[in-house]
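Step one of this worksheet: look at the structure below.
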Amino acid sequence: MIDIWRHALHSLSDGRPTVLVVVVDHTGSVPGTTGATMVVTDRAAVGTVGGGIAEHQTIERARKHHGSSELVTIEHTPRRSGSLCSGHHTLALVPLVDDDVPSVHAITTTLESDGTGTLHLSNHGLTFEPGVVERVRFVSHAGEWAYAAPVGRLDTLYIVGGGHVALALSRVMATLPFRIVVLDDRPELPTMMANSFAHETRVIDYHEIVEHISDGERSWVVVMTYGHENDALVLRQLLGAPYRYLGLLGSAAKVSQMFARFRHEDVPPEDLERVSAPVGISIGSHTPEEIAISIAAEIVQVRNKSA
């Protein structure tokens with residue numbers, strides 16, 4: 001996302017015609033779901049609104065577009081789109097002008113600093129509210145329309161345990177809109193020191209894990225410490241907390257044994273049911289990289305189902 005806004009800023013600075021294209025609404029199974037973003041200039045198109053024929057046509061339309069912002073609705077049928085997609089998506093074409101430079105600069109700065117804000121688009125143009133987070137919203141009535149969407153890494157993935165799988169998972173998740181925090185109790189752990197993908201690494205006491213993880217629907221947690229006892233120590237403190245996702249790395253045998261112990265300690269069954277364990281989608285993974293992909297896939301699956 002940051003490359004899209006940098007491209008917009010550079011193009012405006014060069015005085016080139018620049019059009020922001022955003023999918024503001026969609027239905028059905030279509031490429032380019034709500035929030036997909038692209039910036040089109042005479043030289044390049046950075047980002048994507050779904051690819052394929054529809055995107056190519058949108059790029060050509062954007063390069064010819066002048067004047068005020070407008071909405072374009074594209075219907076997808078096998079005959080019309082040349083694919084098996086069915087549904088529609090609505091795109092906002094917003095020509096950017098010199099007056100938009102401060103807002104585009106603020107968006108770029110916010111993304112570079114891992115901050116958050118809200119992008120507002122309408123038939124009157126673009127505005128940006130740094131530090132304010134709103135839910136995605138699109139309304140259209142009698143020729144007037146407005147769209148709002150959060151910008152930045154709103155969700156935080158806490159990886160408890162900084163070993164090889166944590167390093168691999170950080171690398172994968174860095175490509176997604178998550179802030180990544182890795183927690184471990186071992187100072188000078190080589191894989192922690194080598195983790196340039198995480199936004200933050202902390203050496204902590206596992207007995208105080210809850211002090212380092214924020215509650216709420218924006219918090220995602222995966223436990224992967226060294227040793228069953230540390231996993232149990234950490235997980236016991238996290239059970240029942242209102243995280244969006246809580247996963248535990250380990251074999252089925254390890255999970256079964258640990259959960260049997262928790263049940264013996266009268267841990268509520270519903271707390272255990274909320275734990276994804278063993279964590280990850282079953283793809284027969286063995287290496288840290290394969291395990292990381294399986295965990296990332298499950299997180300994306302949960303995130304998209306509840307979006």
Side-chain angles (χ1 to χ4, degrees), residues 155-173 178 180-187 189-192 195 198 200-303 305-306:
D155 292 10
T156 299
L157 171 64
Y158 296 92
I159 305 174
V160 186
H164 292 285
V165 176
L167 177 58
L169 181 58
S170 298
R171 183 185 296 114
V172 174
M173 294 301 297
F178 285 82
I180 303 165
V181 177
V182 182
L183 309 170
D184 201 291
D185 69 347
R186 293 168 288 180
L189 181 67
T191 45
M192 281 272 278
N195 195 333
E200 186 177 355
T201 58
R202 302 180 205 159
V203 177
I204 66 164
D205 183 341
Y206 282 151
H207 291 85
E208 302 171 351
I209 189 67
V210 293
E211 297 180 12
H212 299 274
I213 299 177
S214 299
D215 291 347
E217 64 174 12
R218 295 294 186 182
S219 293
W220 304 68
V221 186
V222 180
V223 178
M224 52 176 72
T225 74
Y226 60 98
H228 296 190
E229 290 304 317
N230 281 319
D231 283 340
L233 169 64
V234 168
L235 189 60
R236 186 180 288 106
Q237 297 173 74
L238 303 181
L239 287 171
Y243 307 124
R244 179 76 164 275
Y245 173 91
L246 176 59
L248 172 66
L249 178 66
S251 66
K254 164 186 165 178
V255 170
S256 178
Q257 182 182 27
M258 186 181 300
F259 280 25
R261 185 199 310 178
F262 286 156
R263 282 190 289 268
H264 182 71
E265 296 171 356
D266 293 328
V267 171
E270 58 270 23
D271 289 351
L272 297 178
E273 290 171 2
R274 292 190 62 246
V275 182
S276 177
V279 71
I281 290 175
S282 179
I283 58 173
S285 53
H286 296 287
T287 67
E289 290 73 21
E290 291 172 347
I291 295 169
I293 289 171
S294 76
I295 297 171
E298 184 169 79
I299 289 173
V300 170
Q301 182 183 63
V302 172
R303 187 170 184 261
K305 280 184 176 179
S306 56

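We use all heavy atoms of the structure for the numbers below, so side chains are in, but hydrogens, waters and symmetry mates are not.
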All heavy atoms of M224 vs all of V222, minimum pair found to be CE-CG1, 3.5 Å
How long is the gap from CG on L239 to CG on L272, to the nearest 0.5 Å? 6.0 Å
Measuring from atom CD1 of I159 to atom CD1 of I180, what distance do you get when rounded to the nearest 0.5 angstrom? 6.0 Å
Hey, does L238 have a side-chain heavy atom less than 4.5 Å from the side chain of V210? yes
Donor-acceptor pairs are to be reported for all side-chain atoms of residues 160-172 against protein atoms at under 3.5 Å, with residues two or more places apart or in another chain.
unit_1 : atom_1 : unit_2 : atom_2 : d
S170   : OG     : A166   : O      : 2.8
S170   : OG     : N195   : ND2    : 3.0

Interatomic distance, CZ@R244 vs CG@L246, rounded to 0.5 Å, equals 14.0 Å
Between S219 (side chain only) and S214 (backbone N and O only), is there a donor and an acceptor less than 3.5 Å apart? yes
Is a side-chain N or O of R274 found less than 3.5 angstrom from the main chain of A241, in a donor-acceptor match? yes
Taking side chain as C-beta onward, heavy atoms only, is F259 less than 4.5 Å from L235? yes
Which heavy atom of G280 sits nearest a heavy atom of E298, and at what distance? N-OE1, 3.0 Å
Could you verify whether a donor N or O on one side chain and an acceptor N or O on the other, from Q237 and Y206, lie under 3.5 Å apart? no
Can you name the nearest heavy-atom pair linking V275 to D271, along with the distance? CG2-O, 3.5 Å
Looking at side-chain heavy atoms only, is the closest gap between T156 and I213 below 4.5 Å? no
Looking at R261 and A232, what are the two nearest heavy atoms and their distance? NH1-CB, 3.7 Å
To check you understand the geometry: which heavy-atom pair defines the closest contact between Y245 and I299, and what is its length? CE2-CG1, 3.9 Å
Are K254 and H228 side-chain neighbours, meaning at least one heavy-atom pair lies under 4.5 Å? yes
Applying side-chain contact (heavy atoms from CB on, under 4.5 Å), run through Y226 and D185 and close with a yes or a no. CA-CA 10 Å; Y226 60 98; D185 69 347; 3.1 Å; yes
Rounded to the nearest 0.5 Å, how far apart are CD1 of I295 and OG of S285? 8.0 Å
A side-chain contact here means heavy atoms from C-beta on lying under 4.5 Å apart; do M173 and W220 qualify? no
Assess whether a salt bridge exists between R202 and E208, defined as any Lys/Arg side-chain N lying under 4.0 Å from an Asp/Glu carboxylate O. no
Using a 4.5 Å cut-off on heavy atoms from C-beta on, say whether the side chain of F178 contacts that of V300. no
Sequence-distant partners of N230, side-chain hydrogen bond (donor to acceptor under 3.5 Å, both in side chains), two or more places apart: none
Kindly give the heavy-atom pair with the smallest separation between G250 and V255, and that separation in Å. O-CG2, 4.4 Å
Roughly how far, to the nearest 0.5 Å, is the CG atom of L233 from the CD1 atom of I209? 8.5 Å
So, using side-chain hydrogen bond (donor to acceptor under 3.5 Å, both in side chains) as the criterion, who are the partners of E265 when residues are at least two apart? R236
Spell out, as yes or no, whether a donor-acceptor pair under 3.5 Å connects the side chain of D231 to the backbone of T225. yes
